[in-house]
Amino acid sequence: MDPECSRLLPALCAVLADPRQPVADDTCLEKLLDWFKTVTETESSLQLLQDHPCLVELLSHVLKPQDVSPRVLSFALRLAGAFAAQEDCFQYLQQGDLLLGLFGEAGALGWSAWSIPSVRSGWIQGLCALAHHPSALHFLADSGAVDTVFSLQGDPSLFVASAASQLLVYILALSMQGRDAGSPIPEVAAWPVCAQKIVSHVQESLHSTAAPQVTQALNVLTTTFGRCRSPWMEVLWGQLSPLVASLLKRDPIPAAHSLVDLLLSVARSPVLSSAACGPWEILAQTLHRLSPTQAGPLALGTLKLQRCPQELRTQAFGILLQPLACILKATAQAPGPPGLLDGTAGGSMTVDTLLSSKSACVGLLCQTLAHLEELQTLPQCPSPWPQEPLLDAAVIILRLCDGSADPSSSGAGRLCGTLAGCIRVQRAALDFLGTLSQGMSPQESMLQVFAILLKNLESPESSPTVLKKAFQATLRWLQSSVKTSGCSDLSPDALLFLGELFPVLQKRLCSPCWEVRDSALEFLTHLSQHWGGQADFREELQSSEVPMLACQLLQDPESYVRASAVAATGQLFSRGLQATPTSSENLQAQQGLLMDLMYILSTDSEGFPRRAVLQVFTQWLRDGHADVARDTEWFVTTVLQAVSRDLDWEVRVQGLELVQVFLTQTLGRFRPRCPYAVTLPEATSPTPHPEFLRTLCRLPLFEFVFRALFDCDRPVAQKACDLLLFLRDETAPSSGPQETRDGPNSASVEVALQRWQEGEQGQPLGDLEPEAMLALLRSLDLEGLQGKLAKSSDHIEKSPQSLLQDMLATVGMLEENEADCY
């Protein structure tokens with residue numbers, strides 16, 4: 001331990017032991033505990049206590065909890081556990097029954113502070129810390145601590161209850177350490193005392209008629225089988241599996257969710273999944289016994305297993321399909337599609353759930369759709385996948401929600417009444433429909449999908465969230481039509497669909513709801529990105545009013561919409577998809593958009609549109625957009641003048657990204673490379689082209705980057721430092737002399753930089769000559785600055801000495817100005 005910390009420690013322990021002193025906050029105590037843990041990792045805990053008897057005095061004082069604040073009591077319990085993790089220190093603390101007084105059943109439960117959750121949590125964490133050696137196991141068995149942990153499983157504090165269950169798992173695993181080394185695993189009756197007590201407690205809880213106790217036992221087993229990978233788990237499962245199976249005979253099944261978690265944990269265990277007493281039979285029984293809502297997560301988890309009997313996979317998939325099969329059967333004029341109901345079970349129970357109440361029906365359908373959506377994207381996705389029946393089911397559910405389904409039966413009529421206008425089911429069905437676009441679908445099914453999507457998009461009853469989901473699903477199906485046609489162009493059916501879609505998109509761009517306008521603009525941006533170069537798409541788009549409406553939304557009162565409008569119009573105009581047909585008007589429109597975006601960058605009061613403008617400008621510069629290429633230096637100068645005054649750090653970072661693109665392009669223009677030239681290894685970096693240096697010095701580029709280097713927002717300074725390192729490596733020869741520091745005006749530049757570093761940003765950098773710029777780049781310790789910027793802002797104040805000083809300063813134990821308060 002640091003000598004200065006050793007000097008401060010007695011005073012700090014005295015403060016912590018004195019209930020009259022205002023104790024530091026919990027954050028300081030957590031930092032202090034972390035420091036002690038770090039010390040004990042490299043030093044002997046016993047030596048630490050012998051060298052600093054004040055620590056033992058503090059722990060002894062805690063035995064009188066009425067004289068200690070609850071937060072200090074919790075801290076001391078965890079500190080004692082950290083020290084006792086080393087066995088020799090554990091024996092030392094056992095003298096005088098110190099540990100028994102802190103963690104024994106007779107001591108802790110009698111404290112008045114025991115009613116405070118943080119104290120009970122500290123007690124559990126302290127026990128967990130000391131349980132690292134055989135002496136600790138004997139202590140846990142003899143002191144009654146394990147029985148206290150049993151009682152804390154039902155603690156009203158969820159944090160304490162969870163920590164108690166985790167501690168039981170840890171103690172069980174520690175008790176069984178070294179039991180697998182070559183010898184057969186004995187029966188549970190021959191296990192160590194602590195392990196026997198925990199298993200007996202779990203058995204008693206599983207026999208209980210109280211659901212909370214059953215839940216606690218199942219949670220302990222779930223964590224045990226999920227964490228441990230030892231052969232003794234096979235013995236444990238063989239002992240307890242009959243009790244778990246007996247839960248299925250009760251009505252209702254207690255703790256069904258916890259039972260599902262346990263069975264999946266057992267099935268995932270590499271030890272148990274291949275064992276003779278594996279979980280497959282109980283899994284199949286549970287799938288059959290649970291209600292449709294409870295069985296869904298178990299069925300999905302079963303299908304996601306790497307190893308699973310095929311018969312069980314078929315049963316699980318049938319359970320997942322059952323709700324949609326019931327929907328198809330209830331709404332079909334003729335018998336339902338063959339194959340979808342094969343192997344399913346519990347159909348009557350599923351129908352009862354769907355028709356019992358709106359909440360049950362909605363919950364089951366949303367869960368089923370989400371599970372099938374997740375399953376289709378997994379490698380374990382069942383094959384064959386019933387693509388067409390699932391498409392039909394998704395479309396029918398959407399029709400039930402919008403009221404267009406034909407209620408041909410009493411069941412269908414009740415479903416129409418239950419699902420009509422249900423936004424939650426609509427969202428889930430649209431998400432699932434979008435995922436189904438990944439599968440192969442016949443043309444008739446795609447036309448059916450386009451029809452239902454168009455209906456949702458044009459319906460005045462569709463909510464903003466439903467419209468957003470419908471736009472997303474539409475984009476995915478349009479992309480699917482491209483894959484089906486075998487080329488990058490949209491299929492004829494998709495183009496016909498777009499002809500009907502663009503009038504709907506115009507309507508949504510004029511919606512009074514800003515979320516709808518925003519979603520429509522995002523959809524338009526994606527359309528232009530994917531198919532802006534296709535002639536038929538361009539014709540359909542330009543014959544509509546969509547581009548004109550998108551430009552008008554640059555003036556929208558909502559900043560999110562303005563940002564989306566910037567992205568959409570930037571994409572449209574980069575593809576030449578402006579509304580005006582003639583070339584002269586086209587040129588004026590493009591120049592007008594450039595000035596409109598410049599105006600937004602300079603004047604918009606919200607950060608989102610300004611960030612969007614810079615993203616568009618950066619992309620235009622990267623792509624060589626005509627307006628940018630016409631006068632690149634004017635463009636960069638104008639943008640940097642606006643960005644340099646911006647208060648949004650993300651805008652400034654994006655401005656530096658634009659500078660990076662400009663530098664890369666300009667450097668490449670002055671360094672043409674012949675692909676057939678034979679290049680020899682260079683001893684030094686190539687000398688920069690003089691015109692390239694003069695170009696950089698003509699622009700306000702260096703002033704912008706150097707100001708960013710001293711920016712108060714660290715991401716900006718980091719980006720600027722990286723940029724200057726790139727520029728230095730490209731322009732300043734690595735082996736060149738560094739004596740040009742006294743160039744034409746480098747002295748005045750360095751004075752300005754010094755003032756900027758001190759916070760005086762008002763002084764301009766002034767004109768910069770290439771020689772001065774090169775000298776400046778070589779003189780700056782950019783690597784050192786990069787290292788400093790990589791550190792957190794409080795790295796200097798993180799020392800233990802600073803922490804101890806601060807804690808003492810809060811109670812006036814230090815002389816004035818001695819504390820390092822941060």
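Residue numbers start at 1 and run along the sequence shown. This structure is a prediction, so every number in the text was calculated from the model and none was measured.
Nearest heavy-atom pair, Ser437 versus Arg476, reported as atom, atom and distance to 0.1 Å: OG-CB, 3.6 Å. The two residues Gly296 and Leu320 make their nearest non-hydrogen contact at O-CD2, 3.8 Å. In terms of heavy atoms, Arg313 sits closest to Cys308 at CG-SG, 3.6 Å.
Within a 6.0 Å radius of CD in Glu311, other residues, nucleotides and ligands contribute 12 heavy atoms or fewer. Within 6.0 Å of atom CD in Gln94, more than 12 heavy atoms from other residues, nucleotides or ligands are found, so the atom counts as buried in its surroundings.
Within the 4.5 Å cutoff, side-chain heavy atoms of Leu236 are placed close to those of Phe225.
Classified by interplanar angle (parallel below 30°, tilted 30° to 60°, perpendicular above 60°), the ring pair Trp232/Trp191 is perpendicular. The aromatic rings of Phe90 and His133 sit perpendicular to each other, their planes meeting at more than 60°, with 30° as the lower class boundary.
Using modelled atom types, one side-chain atom of Ser462 and one backbone atom of Asn456 make a donor-acceptor pair closer than 3.5 Å. Between the Ser208 side chain and the Glu204 main chain, no donor and acceptor come within less than 3.5 Å of each other.
For the residue pair Gln376 / Thr435, no side-chain donor-acceptor distance below 3.5 Å is found, with atom types taken as modelled. Counted by atom type alone, His207 and Gln213 present zero donor-acceptor pairs between their side chains at under 3.5 Å.
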I would like to know whether Thr465 and Ser463 meet side-chain hydrogen bond (donor to acceptor under 3.5 Å, both in side chains); could you show each step before the answer?
CA-CA 5 Å; Thr465 53; Ser463 70; 3.1 Å; yes
Could you pull out every donor-acceptor pair under 3.5 Å between side chains of residues 419-431 and any protein atom, sequence neighbours left out?
unit_1 : atom_1 : unit_2 : atom_2 : d
Asp431 : OD1    : Lys469 : NZ     : 3.4
Asp431 : OD2    : Lys469 : NZ     : 3.1

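With salt bridges taken as basic N to acidic carboxylate O contacts below 4.0 Å, one links Glu30 and Arg78.
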